[in-house]
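Heads up, the thing below is written out as structure tokens.
We use all heavy atoms of the structure for the numbers below, so side chains are in, but hydrogens, waters and symmetry mates are not. Heads up: numbering here begins at 1 and tracks the sequence. One-based numbering, in listed order, for ligands and for the atoms of each.
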Amino acid sequence: MDLSYILNELGEERENYFNAVAPPIIQTSNFTFKTIADFRAAMSDEFKATLYSRGHNPTLNILRKKLAALDNAQDALVFSSGIAAISVPILALLQQGDHIVSVENPYSWTIKLFQSFLPKFGITTTFVNGADIESFEKAIRPETKLIYLESPNTFSYELQDMQAVANLARAKGIITMCDNSYCSPYFQKPIDLGIDLVAQSATKYIGGHSDVVAGVLTGNREVIGRIFNHEFMNIGASLSPHSAWLLIRGLRTMPLRLKQSFESAKIITAWLQQHLAIDQVIWPFNADFKQSELAHRQMQGCGGMFSFTLKEPSLEKIETFCDKLQHILMAVSWGGHESLIIPTIATIAKDDYEINNDRHQLIRMYVGLEEADYLIKDLEQALDF
Ligand SMILES: Cc1ncc(COP(=O)(O)O)c(C=O)c1O
């Protein structure tokens, strides 16, 4: 399906709403029925009906169709956060006694899900080095039900070879799931590489303007239906029609935004690499990236987020650099119009900082939609110690 068709037409039935170009926000919790027969049919299979907005809603359905098509998936569910799009399917598909093999260091709340939340239900997780396919193989047990990936990682950018992991999992009847927030479906399609379920924080590139928190899960219709009929409806982390409308609007410009962020990231990483105060720049599409071949094989482009380290990575130097920035904002998250910075030191207590710990030294930058030169000027003055 053409990308332009998906973003501009798919799912939209303009003749049903005055030929308006923008779809309506169907701001309703409830839907009515003319006959008991229709009402009963909807109640008996809510996945196929529009009954109550905790389940389906017409504005959300437009978004679901577009998001499923972008991933080359049969269906999609949207959630009120990215972490709900990760937690709900895992709660739906795993049972007490099941085991997960997860890539190490996924998103912080995913770690908390695996380490604190799921053990309450007797589900355990083994974390492995995702760059090494053998480490997945070694960690698999008879009770392993899920292999969880996040490629690339959104702080240190390690990748997993999704085709190799999918082949291994399929042979053993294990479900695979990948957090694709870093690339978005514009730059990477895990389902085409054999992955079963794809989760994404739609808060990032799908929304694209830092004004919505949302999540998306895509996969095979039968599995998506199973998740909908139980944990999705029970947990009730559904998205509001207004937020769905903002995401449809965000999708219209997603390719333009991603291209701009990608191009600016190329310029800014090259500039940082030659700066005397900079030690390393870590970005999957840099020539010296340790998994560069894999990055180019499975990604069609690269998210505009990277990390770098200072040649003198004292806590004070990192703090001074970040405090001096005038236009690049200090904040969590990414994927919006505005460029952001977050150093690891902001995520740990001052006394826990270890100067020789590679992860502690990282300063993560997300490149938004500002001109590259404008951002470089800001970095230059902040690096002038
Ligand atoms: C890689 C990754 N996955 C998932 C999430 C969770 O998304 P949300 O904040 O929309 O719940 C985030 C949030 O920052 C993230 O960075």
Review point. Any side-chain donor-acceptor pair under 3.5 Å between Ser4 and Asp2?
Key: no
Review point. Could a heavy atom of Ala214 be found less than 4.0 Å from some atom of ligand 1?
Key: yes
**Study point:** Close N or O approach (Thr203, ligand 1; < 3.5 Å)
**Key:** yes
Study note, to complete from the structure: For Leu375 and Ile268, the nearest pair of non-hydrogen atoms, with its separation, is CD1-CD1, 3.7 Å
Check your understanding: Would Phe228 and His56 count as a close aromatic pair, with their ring centres under 6.0 Å?
Key -> yes
Review point. Who gets closest to atom 1 (C) of ligand 1 by heavy atom: Ile83, Val216, Asp179, Val332?
Key: Asp179
Point to revise | Residue pair Thr124 / His99, side-chain donor-acceptor N/O under 3.5 Å | key: no
Check your understanding: Any non-hydrogen atom of Gly215 lying under 4.0 Å from ligand 1?
Key -> no
Review point. Hey, is ligand 1 close enough to Gly82 that some N/O pair sits below 3.5 Å?
Key: yes
Exercise for review: Indicate yes or no: does Arg252 engage Glu12 in a salt bridge with an N to O separation below 4.0 Å.
Suggested key: yes
Review point. For residues Tyr107 and Thr154, is any side-chain donor paired with an opposing acceptor at under 3.5 Å?
Key: no
Review point. Just which atoms of ligand 1 are under 4.0 Å from any heavy atom in Lys204?
Key: 9 (O), 12 (C), 13 (C), 14 (O), 16 (O)
Exercise for review: Any atoms of ligand 1 less than 4.0 Å from a non-hydrogen atom of Thr154? List them with their elements.
Suggested key: 1 (C)
Check your understanding: Contact between Gln200 and ligand 1, counting heavy atoms under 4.0 Å?
Key -> no
Check your understanding: So, are Lys324 and Asp384 salt-bridged, with charged N and O less than 4.0 Å apart?
Key -> no
Point to revise | Residue, atom name and distance, where the atom is the protein heavy atom closest to atom 15 (C) of ligand 1 | key: Tyr107 CD1, 3.5 Å
Review point. Between Ser81 and ligand 1, which residue portion shows a heavy-atom distance shorter than 4.0 Å: side chain, backbone, both, or neither?
Key: both
Review point. In terms of side-chain geometry, is the basic nitrogen of Lys266 or Glu263 positioned less than 4.0 Å from the acidic oxygen of its partner?
Key: yes
Exercise for review: Please confirm whether Trp334 comes under 4.0 Å of ligand 1, counting heavy atoms of the residue only.
Suggested key: yes
